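Index from 1, following the sequence. Predicted model, so just to flag it, every value in this text is computed and none were measured.
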Amino acid sequence: MKRRTMLALLVVAFVALFAAFLFFSRHHSERRTLLRAATWQHMAMPGELSQPHAFLENNCAACHTQTKGVEAQNCIVCHADNKSLLQRQPTAFHAEISECTACHLEHQGRVPSTTRMDHVSLARIGFKQLKSEPQQAGVDVAQITRWLEEASAAPQSALAHLRPEEGLLNCAACHQTKEPHRGFFGLDCAQCHGTAKWTIAEFRHPSSASQSCAQCHQAPPSHYMEHFRMISMKVASQEHANVSQCFLCHQTTSWNDIQGVGFYKHH
């Protein structure tokens, strides 16, 4: 009985294979398409590649490995000589980074860029590197681990606007070239700023009657040129203003909100 059942199954399988062969023989182009590796790759692709990587859409192996997914070494093959990225202070950390997919997401459609800055992921990558070489880094990994656990258990900390991992980052390492405070407030940016946006909702500007603007603000280069006398002073109707007397022309709402004139855009 078992022998008859096995024989029947073999006959059915043979007939099915033969029928498939005849079908694809009649549709030669379709058969060739089905046998291409790119066809099977597209069937498993979760979405289109970005514009810069679109040329790789038929070559999954350029980025993916069989068991580990996308590895950083595959990214480095193409991006190791990106001088505009590695020579700029805000992005120079890419020279020592060991993971790419946390911030660079693919298969999101034909978008012009894959970058989604994730400071938490960046901190975790850095902490992972510290744990692998604690002696070389010269830090107490155990102490940092305890601090992270305590901070996670008590989210209402002094840095409530940050995730605990983000508190480990040195903001100045990437953002010092864009620091507008001229060192007045130190380099601990996280005391005021978050990672979602630079603006601070809680910030309240000193009284509009204040005349100590120069303590925090520096006049633009044009104010030290003839442009200040010929244009700026006349627009604000302040014929005898001095560059240090910001309060005579400007308001605290915005730099280009000129007293008695309103929002002014010269260029």
Atom [atom1] in [X], atom [atom2] in [Y]: separation rounded to 0.5 Å?
X: Glu165; Y: Ile144; atom1: CD; atom2: CD1; answer: 12.5 Å
X: Thr91; Y: Arg88; atom1: OG1; atom2: CZ; answer: 4.5 Å
X: Leu248; Y: Met233; atom1: CG; atom2: CE; answer: 10.0 Å
X: Thr101; Y: Asn74; atom1: OG1; atom2: CG; answer: 11.5 Å
X: Asn256; Y: Tyr264; atom1: CG; atom2: OH; answer: 10.5 Å
X: Asn59; Y: His53; atom1: CG; atom2: NE2; answer: 12.0 Å

Is the closest side-chain heavy-atom distance between [X] and [Y] below 4.5 Å?
X: Phe185; Y: Gln191; answer: no
X: Leu49; Y: Thr114; answer: no
X: Val70; Y: Cys75; answer: yes
X: Glu106; Y: Ser50; answer: yes
X: Ile258; Y: His250; answer: yes

Which heavy atom of [X] sits nearest a heavy atom of [Y], and at what distance?
X: Ser98; Y: Ile125; value: OG-CG2, 3.8 Å
X: Ser254; Y: Phe263; value: CB-CE2, 3.7 Å
X: Ile200; Y: Cys192; value: CD1-CB, 3.6 Å
X: Leu56; Y: Cys63; value: CD1-SG, 4.1 Å
X: Trp198; Y: His193; value: O-ND1, 2.8 Å

Is there a side-chain contact (heavy atoms from CB on, under 4.5 Å) between Val141 and Thr145? Walk through the geometry before answering.
CA-CA 6 Å; Val141 175; Thr145 302; 4.1 Å; yes
Mind checking salt bridge (charged side-chain N to carboxylate O under 4.0 Å, His left out) for Glu99 and listing every partner two or more places apart, or none if nothing turns up?
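Glu99 satisfies salt bridge (charged side-chain N to carboxylate O under 4.0 Å, His left out) with Lys128 once adjacent residues are dropped.
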Can you tell me if [X] uses its side chain to pair, donor with acceptor, with the backbone of [Y] under 3.5 Å?
X: Gln129; Y: Phe127; answer: no
X: His223; Y: Phe228; answer: no
X: Gln259; Y: Phe247; answer: yes
X: Gln108; Y: Gly47; answer: no

Parallel, tilted or perpendicular: which fits the ring planes of His104 and His94, with parallel below 30° and perpendicular above 60°?
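Taking His94 first and then His104, their aromatic rings sit tilted (interplane angle of 30° to 60°).
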Is Trp255 linked to Val261 within one hydrophobic cluster, defined over Ile, Leu, Val, Met, Phe, Trp and Tyr using a side-chain heavy-atom separation of less than 4.5 Å?
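Cluster IDs for Trp255 and Val261 differ.
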When you group the ILVMFWY residues by side-chain heavy-atom contacts below 4.5 Å and let the links chain together, are Leu169 and Val120 in the same group?
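No: no chain of side-chain contacts under 4.5 Å links Val120 to Leu169.
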Decide if atom [atom1] of [X] counts as having more than 12 heavy atoms of other residues, nucleotides or ligands within a radius under 6.0 Å.
X: Glu239; atom1: CD; value: yes
X: Arg116; atom1: CZ; value: no
X: Met230; atom1: CE; value: no

